[in-house]
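In the text below, chain A, chain B and the rest are named by the order of the sequence lines, each starting its count at 1. Computation of the quantities below employed the complete heavy-atom set of this structure, encompassing side-chain atoms and omitting hydrogens, waters and symmetry-equivalent molecules.
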Amino acid sequence: MFLGLHSSKSRYLFVRALHIGPKLASPGAEDILFKALCVNIRQKKWKILNQLSSNLTNTLLSRIFREFQASPGLLLEIYQRIGEHKAISHSLNSCCITIHIMVGRKKYDDALSLMEQLMISKGHAAFEIFEALINTGSVSNIPVFDTLVRACTRNGLTDDAYELIKRLRIDSCWVSIHAMNNFLNHLLKIGDIGRFWIAYREMIFFGYYENVNTFNLLILALCKECKLSEAFSVLYKMLKSGIIPNVVGVNMLVDGACRADKLDLAVKLIEKIGIMSMGYKGNPELAEEIMGKMVIMGMSPNIRTYGILVDGYSRNGFLEDAFRLCDEMVEKGLIPNSAVYNLLIHWLYMEGDVSGALFLLSNMMKNCVPPDRFTHSIIVKGLCRNGQVNEALRVHNWGLEKNLAKDVFSHNVLIDYIFRDKDIRGAKQVLCSMFVRGLVPDVVTYGTMIVGYCKASGIEKALDIYSEMIKMNKNPNLVILNSILDGFCKEDNFDYSGVLIGEMKRLNMYDAVTFNTLLSGYCCSGKIEEAFGLFNSMGKMANKVTFNIMINMLCKLGLFEHAKELLGVMLCRGLKPDEITYTTLITSVSKTSSSEEVVKMHDYLVLRGVIPDEQTFKAVVSWVTEEGI
DNA sequence: CTAGGGTTAG
């Protein structure tokens with residue numbers, strides 16, 4: 001009998017070890033334990049780990065880790081099973097040994113989650129882990145530190161990530177371009193574009209060469225800053241560096257063009273990728289070259305490109321074109337995925353077409369396209385937006401039952417809309433139900449609460465939420481800072497808003513919304529001089545909203561001719577008036593001028609691409625009713 | 001590394 005033999009042999013060895021004496025007893029016993037553990041672990045018999053837990057010393061554990069370093073899957077399981085056991089505590093070092101082994105075997109995701117365990121569950125600081133990794137390996141083991149940088153950015157530890165990169169540089173160890181890209185991408189995700197450019201310039205200064213991903217990030221950053229032509233010119237820089245653009249960069253340019261109201265440009269870009277240089281730098285030869293290379297690379301628009309364009313059309317009110325594009329896509333053999341369906345359903349809801357959205361949803365099911373984590377939230381938001389908050393709550397609860405609402409997404413939407421009804425209690429209830437389900441509020445949740453409190457009860461309560469957010473180690477982003485700024489402006493507290501803007505500038509975190517918010521604040525409280533001063537200093541940063549705010553102020557002051565002049569400036573700068581410009585101007589002109597003037601203004605604006613919405617319609621209807629036409 | 005939730009204007 002195997003077991004009998006085995007146990008008698010163990011007993012024999014054990015007895016012999018006792019006879020040799022206490023000094024040598026322990027290595028012998030450790031050997032036996034070691035072998036027994038290895039045999040059992042290889043057969044995935046985990047019971048022994050529990051049985052022998054009181055004997056597992058650090059030296060024994062390191063031996064086991066080394067023994068299994070060739071099979072990282074098994075190693076990870078050992079590590080986790082030991083971690084589950086209360087009697088044995090992992091040292092930071094044993095975890096770092098495991099991390100080194102995982103990275104050595106290219107199991108980066110496993111290494112990443114081990115690091116996250118150390119940071120989150122065990123509360124180790126990034127630099128503690130850094131030191132331990134050096135102690136258990138070598139500082140020149142770059143992939144390990146690349147992973148550590150990634151772990152930092154994934155958990156919002158921006159400064160730690162940056163300090164790590166700097167610290168390694170002092171040791172003449174350079175994290176890879178991949179880690180640098182990861183850091184740059186993180187800065188864009190948290191909305192810190194100022195810091196993005198500082199980090200990028202620094203990276204180039206220290207001799208890194210951009211790869212295709214770095215260039216894509218540059219395109220993304222420039223698109224976010226609405227510097228579309230600069231974003232396009234990144235393509236030249238890429239080719240000059242001998243790097244061929246890929247579809248990801250082009251997709252971002254398509255998105256940037258759509259968001260800058262340049263749909264035609266987006267379409268051209270897709271139809272003939274080389275065309276983009278026309279009207280920008282005037283170098284058709286280079287454009288042809290780009291196109292040629294892209295065709296060679298098999299770089300044709302993918303499903304994502306079409307999705308972005310579907311979004312672009314819909315966003316600008318051309319839902320019909322979006323559907324036409326879908327037909328074209330299907331003709332080209334690209335099958336709409338859940339993202340394309342989601343986008344269309346989303347925009348149908350935004351247009352108020354609830355039944356159309358419902359129809360498309362059933363079509364999605366019919367075509368066996370599985371709904372994803374976005375679909376559920378889009379339905380919840382769509383219903384809320386169309387005044388069916390109770391129905392949205394019903395769908396939400398149904399989703400919770402069916403386990404479709406696992407993330408904070410739809411919760412955030414509900415909190416937003418319940419807050420809009422000034423139902424603070426109701427919003428708090430949704431927040432509580434989040435906690436009950438083990439969902440942790442994210443930055444958007446806090447942002448929504450801050451805006452909600454600003455509008456429902458004033459800035460003070462909003463600031464409480466802000467400090468709560470800081471306590472939970474969540475970093476404020478640009479949207480949150482802008483919301484707080486709006487709160488100050490709405491309460492005429494321009495001292496605090498000045499301090500805040502100063503701080504935001506120092507942090508390099510501000511955008512057009514920041515200044516538009518302040519501008520709107522000035523206009524609302526009649527600070528005309530300040531408003532003009534700010535407007536003039538905004539320069540190229542001024543966007544459509546900036547002009548709408550200024551036009552509205554001039555109209556309210558009865559300076560209609562000046563408002564029209566400003567409309568001209570707006571058009572000269574390539575900014576298209578929208579339905580808000582329309583309502584502002586029509587409301588004003590109908591009060592002061594003849595019906596001919598109103599009709600003239602209407603035609604003028606519609607010819608320049610304004611697509612009337614419900615409120616523009618109301619503006620005209622009220623004028624017609626008053627005129628008795 | 002790219003579309004789909006929270007900020008500014010009627």
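When atom types are taken as modelled, the side chain of A:Arg608 and the backbone of A:Tyr604 share a donor-acceptor pair closer than 3.5 angstrom.
Side chain to side chain, A:Asn367 and A:Asn363 meet the donor-acceptor criterion of an N or O pair below 3.5 Å.
Within the nucleic acid shown, A:Arg259 comes within 4.0 Å of sugar-phosphate atoms alone, with no base atom in reach, counting heavy atoms only. If you check every strand for non-hydrogen atoms under 4.0 Å, A:Asp372 touches a base. Residue contacts for A:Asn342: at a heavy-atom cut-off of 4.0 Å it reaches a base atom on one of the strands shown. Base engagement by A:Val545 is indicated by at least one non-hydrogen atom pair under 4.0 Å involving a base atom. A:Ile415 comes within 4.0 angstrom of nothing in the nucleic acid, heavy atoms only. Note on A:Ser483: only backbone sugar-phosphate atoms sit closer than 4.0 angstrom, heavy atoms only; bases stay farther off. No engagement by A:Asn182 is indicated, since no non-hydrogen atom pair under 4.0 Å with the nucleic acid exists. Within 4.0 Å (heavy atoms only), A:Asp416 reaches sugar-phosphate atoms of the nucleic acid but no base atom. A:Ile580 comes within 4.0 angstrom of a base, heavy atoms only. A:Asn552 comes within contact range of the sugar-phosphate backbone alone, with a heavy-atom separation under 4.0 Å but no base atom that close. As judged by a 4.0 angstrom heavy-atom cut-off over every strand, A:Arg315 is placed among residues touching the sugar-phosphate backbone only. Within the 4.0 angstrom heavy-atom criterion, no nucleotide atom of any strand lies near A:Lys224. If you check every strand for non-hydrogen atoms under 4.0 Å, A:Ser338 touches a base. If you check every strand for non-hydrogen atoms under 4.0 Å, A:Thr584 touches sugar and phosphate atoms only.
With sequence neighbours left out, A:Asn552 forms a side chain to side chain donor-acceptor pair (under 3.5 Å) with no residue at all. For the side-chain contact (heavy atoms from CB on, under 4.5 Å) test, residues two or more places apart in sequence or in another chain that qualify with A:Ser483 are A:Ile450, A:Val451, A:Val479. Among residues two or more places apart in sequence or in another chain, the side chain to side chain donor-acceptor pair (under 3.5 Å) test is passed with A:Glu351 by none. Remark: A:Lys237 pairs with A:Glu210 by the salt bridge (Lys or Arg N to Asp or Glu O under 4.0 Å) rule, at least two apart or across chains. For A:Asn337, the side chain to side chain donor-acceptor pair (under 3.5 Å) criterion is met by no residue, not counting sequence neighbours.
First and last contacting nucleotides of DNA chain B toward chain A (any atom under 4.0 angstrom from a heavy atom, 5' to 3' order): B:dC1 to B:dG10.
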